[in-house]
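Have a look at the structure below before the remarks.
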Amino acid sequence: MQWREYHEFTKHTVESLRRAPHTLDWANMPDPFRHYEGVPLIDLPADPRSPEIPAMAVLTGQRGAPPIADGVQLISQLLFYSAAISASKRVPSTGSKYALRVNPSSGNLHPTEFHFIAHNLKDWSDGLYHYRPSSHMAEQRGLGKFITGTNASLVFVLTSIAWREAWKYRDRAYRYCLHDIGHAWQALELAARSIGLKAAAYGHFHDDEIARVCGLAGDEWPMLLVAIEAPLRDAASAPAAWFGGEPNQLSLDQLAYPRIDTIHAATKITAQSGIAAAELAPTVSGSIPLPIPATSTRPFGEVARTRRSALDFIGGGESISLHQLSALLNVTRQRLSADFSSSPFIQLYLYVHRVDGLEPGVYRHGSNELELLQTGDQRISAAGLSLGQNLAGNSCVTFSMIADLDRATRAHGDRGYRYAHFESGAIGHVLYLAAEALGLRATGIGAFFDDKVQRYLDLEQGQVIYHFAIGHPVHDDRLEA
């Protein structure tokens, strides 16, 4: 299958990093914001009602109070707590500022765009829209009924612009685009849940048809549909109209990455067909039961808006409790609502550095327990496996997410390569929010020595596709909000 060739080629090794050094072309850095020029704009309320349900309750499947039955307010809430700008950082050397968003992104490059199709929402015209996070506005690209294969009143189409990541990460960038879709999916689904709505993701769709429906430019690819059941209205549909709009140019010179084009083409669905049933993932027979999870009353709205990626962690000293670790692991066990997730593809391995009541070592996470695989200080190993990034060793705990890519692709063909990465990003996002709710911070790590991780964990099957670190953060002087 095509996925294996791409995955092997994009593995990090000491030799590959030496062989192909990369200098960033800052003058050609892609614009992190896509705009469609020449279309009607809709202002979204800049201060939508904040969901007060505790974040940990949302992360464990509870729903908040029903939303206001008003389309403008509802859409503003969903996007303000899943995709909007949440803070800014200032570069000390130049004084320039750049934006942070509610949904995290590799390198803060944000390849993910949020399009949505509305149908029968109260006080909102049926049609196709694109979210403009730079000003918290909706761009109206077309009016009327747009077909996506689901009858939900609100369908988000999450797309990727791979060039934004490839500018920095080159061929490996496609992996990061997939992670980011997983993060965006969970950011959106959890925001919906926090205001009492149901959401479900659909990965099995005809790519080219969805791209046509959404009028996407060639550099932007549909990756995932997220359908949300929202309050309906009884009114006539708006007259059909197509505004389209001209997408802004992201860079002066957009470089081609044929391997990314090839893996994306291989993972596309060109005709609707059945999906093979997924096999059950193997369970872990562990020996260390996890205690009752720690709790937090911090409201979802506050946690979603204040989530940040840690620059680094305070190495040594302060630890986390086993109850906090139990809470973090508990949120990763919640079943994902998607047409490709009948059984999980991801197994969590932990490098435990400082957890009260748990000796340092490597552990494997089971249903509600841990299996000790190695004892001893893992800080140097975790950092070294993560391309020498100290935050993987300075954290209290760092995770390796191991994906059974063979099983994913047996079930779904090359498309399964996307799904496993979506799942890892989704797990990363719930860990981000759980850490924030518990007074900690987290950081996703997409760069690691792939095969060294395989050997260190003595894996007989599976591939590492994401690292993730959680602990007590160092202060970041660049943050301004």
Side-chain angles (χ1 to χ4, degrees), residues 1-22 106-107 165-166 168-179 182 257 259-260 262-263 266-267 281-282 284 344-353 361-365 371 373-374 376-393 395 397-410 414 416-425 427-428 443-469:
M1 288 186 175
Q2 189 67 47
W3 74 264
R4 193 180 303 278
E5 180 180 339
Y6 170 80
H7 193 74
E8 290 295 325
F9 182 84
T10 57
K11 285 182 174 180
H12 281 318
T13 66
V14 173
E15 293 74 20
S16 69
L17 295 175
R18 288 174 178 168
R19 182 173 63 248
H22 183 45
S106 305
E165 290 289 328
K168 181 175 183 180
Y169 298 113
R170 297 184 288 179
D171 288 304
R172 194 174 169 104
Y174 192 71
R175 298 196 195 187
Y176 302 155
C177 290
L178 302 181
H179 288 156
Y257 283 86
R259 284 189 178 85
I260 292 178
T262 299
I263 183 60
T267 62
V284 176
F345 298 121
I346 302 297
Q347 178 80 62
L348 294 180
Y349 286 71
L350 290 71
Y351 308 84
V352 170
H353 306 319
V362 177
Y363 295 79
R364 182 167 49 183
H365 180 223
E371 180 183 13
L373 303 178
Q374 298 182 38
D377 192 330
Q378 300 297 317
R379 291 175 294 179
I380 293 176
S381 296
L385 293 171
S386 302
L387 258 62
Q389 297 177 80
N390 289 332
L391 77 173
S395 65
V397 59
T398 292
F399 298 83
S400 278
M401 298 190 197
I402 307 301
D404 191 341
L405 294 177
D406 287 306
R407 184 167 61 84
T409 52
R410 282 199 303 272
D414 281 311
Y417 189 72
R418 293 191 197 181
Y419 296 160
H421 283 78
F422 292 169
E423 183 182 327
S424 69
I427 291 171
T443 293
I445 303 171
F448 36 78
F449 290 115
D450 301 66
D451 289 341
K452 286 187 176 183
V453 174
Q454 310 296 118
R455 291 191 292 269
Y456 191 76
L457 298 178
D458 194 23
L459 298 177
E460 294 183 1
Q461 64 178 14
Q463 300 274 345
V464 58
I465 62 171
Y466 202 12
H467 274 189
F468 205 85

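With sequence neighbours left out, the side chain to side chain donor-acceptor pair (under 3.5 Å) criterion links Asp377 to Arg379. Listed by chain and residue number, His12, Leu387, Phe449 satisfy the side-chain contact (heavy atoms from CB on, under 4.5 Å) test with Leu17 (two or more places apart in sequence, or in another chain). Contacts of Tyr363 classified as ring pair (Phe, Tyr, Trp, His ring centres under 6.0 Å), with partners at least two apart in sequence or in another chain: none. Partners of Tyr169 by ring pair (Phe, Tyr, Trp, His ring centres under 6.0 Å), not counting sequence neighbours, listed by chain and number: Tyr176. In this structure, Tyr257 has no ring pair (Phe, Tyr, Trp, His ring centres under 6.0 Å) partners at least two apart in sequence or on a different chain. Applying the side chain to side chain donor-acceptor pair (under 3.5 Å) rule to Thr398 yields the partners Ser395; only residues at least two apart in sequence or on another chain are considered.
By the 4.0 Å N-to-carboxylate-O rule, Glu8 lies close enough to Lys11 to be salt-bridged with it.
Considering every non-hydrogen atom in both Leu391 and Ala469, the closest pair reads O-CB, 4.0 Å. The minimum heavy-atom distance between Ala420 and Ile465, with the atom names listed, is O-CD1, 3.6 Å. Annotation for Arg175 and Val464: closest pair NH1-O, 4.4 Å, computed over non-hydrogen atoms. A pairwise comparison of heavy atoms in Tyr6 and Arg259 identifies CD1-O, 4.1 Å as the closest pair. Of all non-hydrogen atoms in Gly425 and Tyr466, the two that sit nearest each other are CA-CE2, 4.2 Å. Heavy-atom minimum distance, Tyr456 versus Ser381: OH-OG, 3.1 Å.
When side chains are defined from C-beta on, His353 does not count as touching Val397, because their heavy atoms never get closer than 4.5 Å. In this structure, Tyr349 and Ile402 have side chains that are in contact, with non-hydrogen atoms separated by less than 4.5 Å. Side-chain atoms of Arg418 and Trp3, non-hydrogen and from C-beta on, never get closer than 4.5 Å to each other. Side chains of Ile263 and His7 form no contact here, defined as non-hydrogen atoms less than 4.5 Å apart. Under the 4.5 Å side-chain criterion, counting only non-hydrogen atoms from C-beta, Gln347 is not in contact with Asp404. Contact annotation: the side chain of Leu348 never approaches that of Phe468 to less than 4.5 Å [non-hydrogen atoms, C-beta and beyond].
Atoms OH and OG1, on Tyr419 and Thr267 in that order, are 9.0 Å from each other to the nearest 0.5 Å. Atom NE2 in His179 sits 7.0 Å away from atom OG in Ser106 (nearest 0.5 Å). Note that the NE2 atom of His467 and the OH atom of Tyr351 stand 4.5 Å from one another [nearest 0.5 Å]. Interatomic distance, Lys452 NZ to Leu457 CG, rounded to the nearest 0.5 Å: 14.0 Å. A distance of 7.5 Å separates CG in Asp450 from CD in Gln463, rounded to the nearest 0.5 Å. Put simply, CG on Leu405 and CZ on Arg407 are 10.0 Å apart, with the number rounded to the nearest 0.5 Å.
Judged by a 6.0 Å distance limit and a 45° cone about the ring axis, Arg172 is positioned over the six-membered ring of Phe448.
Among Asp414, Asp406, Thr409, the single residue meeting the side-chain hydrogen bond (donor to acceptor under 3.5 Å, both in side chains) criterion with Arg4 is Asp406.
By the 6.0 Å contact criterion, CD on Gln374 is enclosed, its count of non-hydrogen atoms from other residues, nucleotides or ligands being greater than 12.
Listed for the Asp171 side chain is no donor-acceptor partner under 3.5 Å among the backbone atoms of Thr10.
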